[in-house]
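This report concerns only the one structure given below.
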Amino acid sequence: MPEETSSIVAAARAVLEEALAAGRRTTAGGRAIDEHQVHAERLAYAATEVAAAEALAAYARQRREAGAGDETTDLMAAAFAAEVADRLRARIEGHREDFGVPESVVAGSLGAPAIAAAIRAAQHEGHFRQIGREVIRARGGNNSWLEPETAVLARDSARQFARKAVAPLAERIHREDLVVPEPIIRQMAELGYFGMSVPEEYGGQGMGNLVMIVTTEELSVASLAAAGSLITRPEILTKALLNGGTEAQKARWLPPIAAGEIMVAISVTEPDTGSDVASVRCRAERVEGGWCISGAKAWCTFAGRANVIALLARTNPDLAAGARGLSLFIVPKDPFPGHEFEMRQADGGVLHGKADATPGYRGMHSFTLGLERYFVPGENLIGEQAGEGKGFYLQMQGFAAGRLQTGGRATGLAQAALEATATYASERKQFGLPIGEFQLTQFKLGRMATHLAAARQLTYAAARAMDADEKVSLEPAMAKLFASDVAVWVTQEGQLLHGGWGYAEEFPISRHVVDALVLPIFEGVKPILELKVIARQLLGG
């Protein structure tokens with residue numbers, strides 16, 4: 001089985017590279033993506049799926065090499081690689097002129113008799129049913145092999161905290177649309193969760209991205225909004241400060257962020273400006289001692305409770321300056337516990353926020369903001385004078401960290417759905433048997449677990465890539481794209497396996513479904529992520 005998996009993955013990669021080479025010619029090295037958006041999206045997603053297959057296959061191989069080989073993992077790696085290869089070949093056959101891959105290349109790789117036979121065998125439904133039976137036996141639990149030991153310890157600690165302190169409150173927070181309780185924030189601060197990637201010299205733990213993602217994942221199993229997303233916002237501001245802040249700014253802001261004394265919100269989007277960040281209109285006008293900010297912002301998550309908002313504003317009023325006219329500010333405010341707030345400054349500046357009602361992702365709340373000549377000191381412009389006009393680039397670097405975090409949040413949420421569904425399947429009886437005894441239930445759970453395993457390993461691989469080079473952005477974008485889709489699909493499959501009870505609020509699966517819907521939207525909505533981040537990098541090479 002491992003040999004067949006390697007052959008399938010290698011064949012898929014060979015065909016993908018031919019397709020990407022043809023795509024580069026078609027799009028003039030990525031410059032004409034907008035004239036070929038549909039095909040660019042196909043290429044971006046195909047490349048992401050192949051990367052996920054490679055990550056899962058590498059994980060299975062590393063387990064074996066470490067003496068921790070596992071039959072279920074091997075089956076998952078083979079089955080997922082086969083699904084990806086099968087889908088890639090079908091896409092090429094269905095859109096041969098667009099893909100531009102010669103028939104001889106396909107015939108010599110994915111179409112080769114031995115590879116085609118391996119693909120058919122690896123994704124046989126019997127293998128998925130075998131995986132599904134193991135998932136049911138383990139109630140969906142995630143005890144995957146993990147290195148280094150620090151990551152294992154972080155996972156165990158976060159799991160214990162999340163299930164003891166967060167999970168019992170998650171349903172109430174969701175149904176009553178409450179703000180994240182202060183005891184959760186305090187306990188997370190005590191555990192050091194807000195400073196995991198802050199360097200030790202600034203009061204953090206300097207644990208790196210992998211440990212942070214493992215922690216995020218476990219927190220998200222308990223609650224996406226009440227725990228899993230809490231450490232994403234400070235992470236984005238932390239990256240911006242480390243990449244572009246002055247030494248004085250790092251010394252001032254990073255220690256209290258790492259200690260959980262300062263809660264952070266991020267404000268980029270505007271009512272009329274979403275993915276086109278360079279078109280931000282909220283303006284910052286230079287005044288004595290600092291800047292006055294005026295304009296509207298939208299979808300600023302956690303803005304009410306936050307002590308500061310990392311806000312992107314236009315310091316060059318000329319819209320033609322585009323991204324070069326944007327700067328990133330740290331906007332201080334008082335924390336408010338409710339769904340609406342207003343800050344009034346002595347000189348007349350106003351910051352008003354109102355939470356937007358959403359079907360899921362409750363607990364942090366996303367606010368629409370209005371600013372009227374709201375004063376911000378000059379030293380709160382990240383980078384100060386040298387940072388003027390560099391806000392877009394600092395924000396984009398922060399977004400890469402946010403996308404990586406979203407991969408972890410998505411796998412955590414999908415894990416919660418898998419556990420809930422596996423438990424339900426083992427207990428719910430129909431026609432005289434637990435529904436987990438039926439073939440189709442086993443098959444569905446097997447595929448859910450397999451795709452989740454691929455999303456997890458793709459995200460871990462992206463975390464390791466960022467640990468090696470903080471400037472990478474392709475790998476985190478792929479992790480976010482794929483893991484978010486997996487979370488949406490796994491939660492909805494889980495809901496269907498719950499039958500009518502999947503639509504009842506008393507079962508957590510209904511919360512998981514509505515929470516998952518936000519994942520393909522924030523930190524880069526799916527189509528923009530595919531075209532402007534993934535396809536642009538793949539085709540521009």
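Salt bridge R159/E218: present, at least one basic N to carboxylate O contact under 4.0 Å. The pair E475-K480 fails the salt-bridge criterion, with no side-chain N (NZ, NE, NH1 or NH2) lying under 4.0 Å from an Asp/Glu carboxylate O. A salt bridge links K239 to E235: one of the charged nitrogens lies within less than 4.0 Å of a carboxylate oxygen. Checked for salt-bridge contact, E342 and R344 meet the test: a charged N lies under 4.0 Å from a carboxylate O. For the pair R175 and E171, the salt-bridge criterion is met [side-chain N within less than 4.0 Å of a carboxylate O]. Look at R362 and E176 and you find no salt bridge, because none of the NZ, NE, NH1 or NH2 atoms lies under 4.0 Å from a carboxylate O.
Pairing each heavy atom of T301 with each of A265, the nearest pair is O-CB, 3.4 Å. Nearest heavy-atom pair across A516 and A487 is CB-O, 3.8 Å. Summarising the geometry of A225 relative to M364, their closest heavy-atom pair is O-CG, 2.9 Å, with the distance given to 0.1 Å. Counting all heavy atoms, side chain and backbone alike, S327 lies closest to G387 at OG-O, 4.1 Å. Between I293 and C282, the shortest heavy-atom distance links the atoms CG2-SG, 3.6 Å. Closest approach of A410 to A483, counting heavy atoms only: CB-O, 3.3 Å.
The closest side-chain heavy-atom distance from C300 to I309 is below 4.5 Å. R428 is not listed as a side-chain neighbour of P434, based on a closest heavy-atom distance of 4.5 Å or more. Taking the side chain as every heavy atom from C-beta outward, R511 and E505 never approach each other to under 4.5 Å.
Taking the six-membered ring wherever Trp is involved, the centroid distance between the rings of W291 and F329 falls below 6.0 Å. Aromatic pair Y59/Y460: centroids not less than 6.0 angstrom apart. Taking the six-membered ring for Trp and the full ring otherwise, the centers of F80 and H451 sit less than 6.0 Å from each other.
Considering CG of L529 and CD of E41, their distance stands at 11.0 Å, rounded to 0.5 Å. The OH atom of Y361 sits 13.5 Å away from atom CG of L517, with the distance rounded to the nearest 0.5 Å. Interatomic distance, I509 CD1 to L496 CG, rounded to the nearest 0.5 Å: 9.5 Å. Here CG of L351 is found 12.0 Å from NZ of K297. Values are rounded to the nearest 0.5 Å.
E134 and T72 form no side-chain donor-acceptor contact under 3.5 Å, judged by distance and modelled atom types alone. Between the side chains of N243 and E470, no donor N or O sits under 3.5 Å from an acceptor N or O. In this model, a donor atom of one side chain and an acceptor atom of the other lie less than 3.5 Å apart for Y45 and D485. Looking at E419 and Y424, their side chains never bring a donor and an acceptor atom within 3.5 Å of each other. Checking T459 against T411 by side-chain atom types alone, no donor-acceptor pair falls below 3.5 Å. For the residue pair Q495 / S510, no side-chain donor-acceptor distance below 3.5 Å is found, with atom types taken as modelled. Looking only at atom types and distance, the side chain of E340 has a donor-acceptor partner in the side chain of H352 under 3.5 Å away. Between the side chains of R456 and S144, no donor-acceptor pair is found at a separation under 3.5 Å. Side-chain contact of N209 with S197: a donor-acceptor pair under 3.5 Å is absent, judged by distance alone. Judged by distance alone, the side chains of Q345 and R373 never bring a donor and an acceptor atom under 3.5 Å apart.
For the ring pair (Phe, Tyr, Trp, His ring centres under 6.0 Å) test, residues two or more places apart in sequence or in another chain that qualify with F336 are F341.
Proximity of a side-chain donor or acceptor of R233 to a complementary backbone N or O of L230 within less than 3.5 Å is not detected. Although no hydrogens or angles enter the test, the distance criterion places a donor-acceptor pair under 3.5 Å between the side chain of T246 and the main chain of Q249. For the pair S229 (side chain) and L224 (backbone), a donor-acceptor distance under 3.5 Å is present.
Identified under the side-chain hydrogen bond (donor to acceptor under 3.5 Å, both in side chains) test for residues 252-262, with sequence neighbours left out: R252-N380.
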CA sep, side-chain torsions, deciding dist, call: R403, E523, salt bridge (Lys or Arg N to Asp or Glu O under 4.0 Å): CA-CA 6 Å; R403 286 164 185 155; E523 311 294 352; over 6 Å; no
